[in-house]
Amino acid sequence: MQVVYLIQRKRQRTGHEKGAAFACVRFEEGKELYDVVIIGCGVTGAAAAYELSKLQVSVMILEKENDVAMGTSRANSAIIHAGYDAPSGTLMARLNVEGNAMAEDLCKALDVPFKRIGSLVAAFDDYDEGVVRDLYERGIRNGVPGIRIIGPEETKKIEPNIAENVRCALYAPTAGIINPWEYTIALAETAVRNGAQLMRNAEVTAIARTQDGYCVTTTAGDVQAKYVVNAAGVFADKVHEMLLPPAFEIVPVRGEYDLLDRSEGTRCNTVVFQCPGPEGKGVLVSPTVHGNLIVGPSAEEIPDREDTATTAEVLAKVRERAKRAIPSVDLRQCIRNFAGVRANSRVDDFILLEEDGFVDLAGIKSPGLTAAPAIAKYAVELLRKAGLDAPEKEDFINERHVVHFAELDAEEQKALIEKNPAYGRVICRCNTVTEGEILDAIHSPIPPVSVDGIKRRCITGMGRCQGGFCGPRIVDILARELHTDPSKIVQDGTGSYILTGETKQGGERA
Amino acid sequence: MKEYYELIVIGGGPAGLAAAISAKENGLNDILILERDQVLGGILNQCIHNGFGLHHFKEELTGPEYAERFIRELDGTGIDVMTDTMVLEITKDRTVCAVSPKYGYLTLKAGAVILAMGCRERTRGAISIPGTRPAGILTAGAAQRFVNIEGYMVGKRVVILGSGDIGLIMARRMTLEGAKVLACVEVMPYSGGLMRNIVQCLEDFGIPLYLSHTITDIRGKRRVEGVTVSKVDENRRPIPGTEIEFDCDTVLLSVGLIPENELSRQAGIPIDPRTNGPMVDESLQTQVPGIFACGNVLHVHDLVDYVSDEAARAGAAAAAFVKNGAANEGYRLVKTADNVGYTVPQKIAKDAQQVQIFFRVRRIFEESVIEVRSGETLLAKFKRTHMAPGEMERIALPKVLLDKAGDEITISAKEA
Amino acid sequence: MKQFVCIRCPRGCRVQIDETTLETTGNSCPRGAEYAKDELTNPTRTLTSTVIVENAVIRRCPVKTDRPIPKPIVEDAAKALDGMKIEAPVRTGQILVEHFMGTEANLVATRTIGKREDA
């Protein structure tokens, strides 16, 4: 057994060899054989887990980071796209429209902030007008509900702050804004609540066939499963090639953004896109579900798949583009810059493949966030075709409730504090997040272990002070609840330590 | 529980404490301080360095000592204090909604309200530092809390961006706790902090101060691994070819303070974009009658002694308002001209007695003169041997002089 | 002539001092002259730091030297606080170490800290 693994790993290091993929590993006695193992818990993996957890199957989700939604799912435009972008006839076009239609019910059931605010693609010159017409026609072919081209008057009525020279716009009423990481967390939590298991800090290093399916080797141990779903995002090609010959290439594309203070949050009412043009894909300006304003993204191919650095040059261009559509946007109100890496490919479609029970959900570029729940349904279809035969659960719990203290009225707040005084202690001043909400998060199905894990669940530290005030207090609460020392609490991923030790211990001095 | 107070003070830091005590001394008996932290004293509790109180107490105290003097003065005054209590809303008619684990959801009415919520630190996003976003980038104030109150170190090799006082103070604190502070980097051609702090926090420890420099890149995926510092031109744009690399695990930001006026804005209190604090008259009353402001929520001070003085004036004015109601004969506006960034107050009642005006200049001056004009008429001149944006200026205008002014007075500064 | 920036108050006067006659210019009060003389002959600083406090709601008690100590020993004095522990309750001004580092200065607490209820 061990020997076989060693060979397996060694082959891995020397690159793909056809023989390696078919090395057969015997199923380890006494170890659970899962029906499905999902690699990666971004929005795609989480949606797949959610969909599978409706069935009478055992599911294991492997995540290389210490939390879910740690890649593209946490750093994107946070848009539920209408569906006119993708080339007609592609899976991407179909799943976009389907995913959009699913978002509302899903978000309602799982308590995820979602607002169907509509989108505009604004045209400012002849070229843009042509693009808008093309997009409109494509949208009609793709089955996007309610889209139409509107004139400058109506555009200005919808967006009073849009540039004076706007010619026309494509209006898509079904587009919306969402909290992308909460979407991911909610899907993953619901899967876990319905019996799926999640293993964190488990980076996949090798995959081998076994008698019964597959053995997936991770940095946290081996997992055996009959079927594998590869939802590894920017690493999906690498994971694919651990078992199969190269079939596609992931092209990491970085997008940089500005997030502006709530004082700018009403600068526009819809998602305002610009036409993709010779200078690259259009920059959008949009409110967020938290009331901020998001400006971005750029699009830049980068070699390092996890390089989420921002740059002064690119952001300067993003800001310049944003001003073209919304000239009055006050970019000095920026509270954070960030960047995300999108898992693009050379194909103008998602790459959804199945071979012998190994399913790739790869190249999930924009509109992947929108399409995720539809991709998940498609993945289950692929698994069924490959032989997964499982009836639906009768006791599937399709709900999730989160207390957002700031959104309650005074009477509800009063009742809540009477029930649990921890809701009376405000920890995050900017967003009025209480200790009660933080404790809820810490004791949720996927307990966060980092300050940013709390942030993704409670929106602490997302306001103007960016955690300056609440950061130290959240470190304290996490340490207390996790029964550990504050110096063990990380900011975000494993290794992102905040504190370097206690004072006055006579430790090493620099 | 009581539902009405003559005065509610929002914030139990130096401003709130001094305001409440002064209101009591000026005849109010029914005063409540609401404090969000577990203890009174505000930011002073973490400012364990000395240098406070030279004006107010004529001796040099540390932050906690300075706070404690005021907290002790509360004893026996009958002033109510609710700590661990966060104000969620203030309305124009002086209703205050607050929550706390102990007292639950509170709806209180007040004869007068004093805003004393202090300020917060500017963050990385506000100045868009390029690079990665690893752990190890903190505001100087957050670092100060970790080191001085919680007893934890935040790094071993440190670069400080900004030369505000908290950053300078933290350079010394981190050094004395065994860290290596590699540099203090300031984008402006002069320091944002007090000269004495440059001397005793940087020079004493051989920490270089890079003026007209800024951080142009932060590296490191999980934790800071290094930064690039570049010289900037007169428009604060980085100059290519001037890069200096620092191998560090920590970046502390001391890039400015912003008055925390979310509650004030919500209440519809007009805010001066220059101070980021409410517009006030000489009694420190905001544009909403019966709501006063003092301390760093009004404008950022560099000395707590001046905060205490200002707060005492607000307390006295709030007491007068509760007893006598609002009354005045109209206002004169205080405007800024050459080289003056802002003034507090922004307007002066026509029947005001002697008035103190606080302001900051926009650049460094040596031998210089402050001019007070009304239209073309020069009302007064004040000589200065040194002025800097980091040091708040103060002038006093007697009634005889104010009586000569028209509807506006203008403050300006120039070389002598 | 030597120039010092006086740190006795926040004003930050630039004081020039003649190294032989010890005459000063540029100071706006007598403390400036005193400072420049001290800085030239025997520079001193007040040390402020913290020590571990046990049985209290907080983990560190702020401390200071109740008068300035010679500047050259400031860093050693800071190191000397490593490992030092005091017990709550403690009150502001309470002397924790007499003749700290062999100087005239005492190390005193600068915050009153009550005993933790469960301690």
[X] portion near chain B, given a 4.5 angstrom heavy-atom threshold:
X	answer
A:R262	neither
A:F469	side chain
A:A410	both
A:D476	side chain
A:E306	both
A:S487	both

Against chain A, label [X] side chain, backbone, both or neither, depending on which of its atoms sit under 4.5 Å from a heavy atom there.
X	answer
B:Q144	neither
B:L106	neither
B:K102	neither
B:S128	both
B:R120	both

Judged by atom type as modelled, is there a donor-acceptor pair below 3.5 Å linking the side chain of [X] to the main-chain atoms of [Y]?
X	Y	result
A:Q466	B:T123	no
A:E437	A:T434	yes
A:T310	A:A339	no

salt_bridge(A:R456, A:D492) N-O dist < 4.0 Å: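 Yes, this pair counts.
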Assess the pair B:F146 and B:Y152: is the distance between their ring centroids shorter than 6.0 Å?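 That pair fails the under 6.0 Å test.
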Return yes if a side-chain donor-acceptor contact under 3.5 Å exists between A:Q491 and A:S496, otherwise no.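 Short answer, no.
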Are the side chains of A:N201 and A:K64 in contact, using a 4.5 Å heavy-atom criterion?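 Contact flag for A:K64/A:N201 side chains = no.
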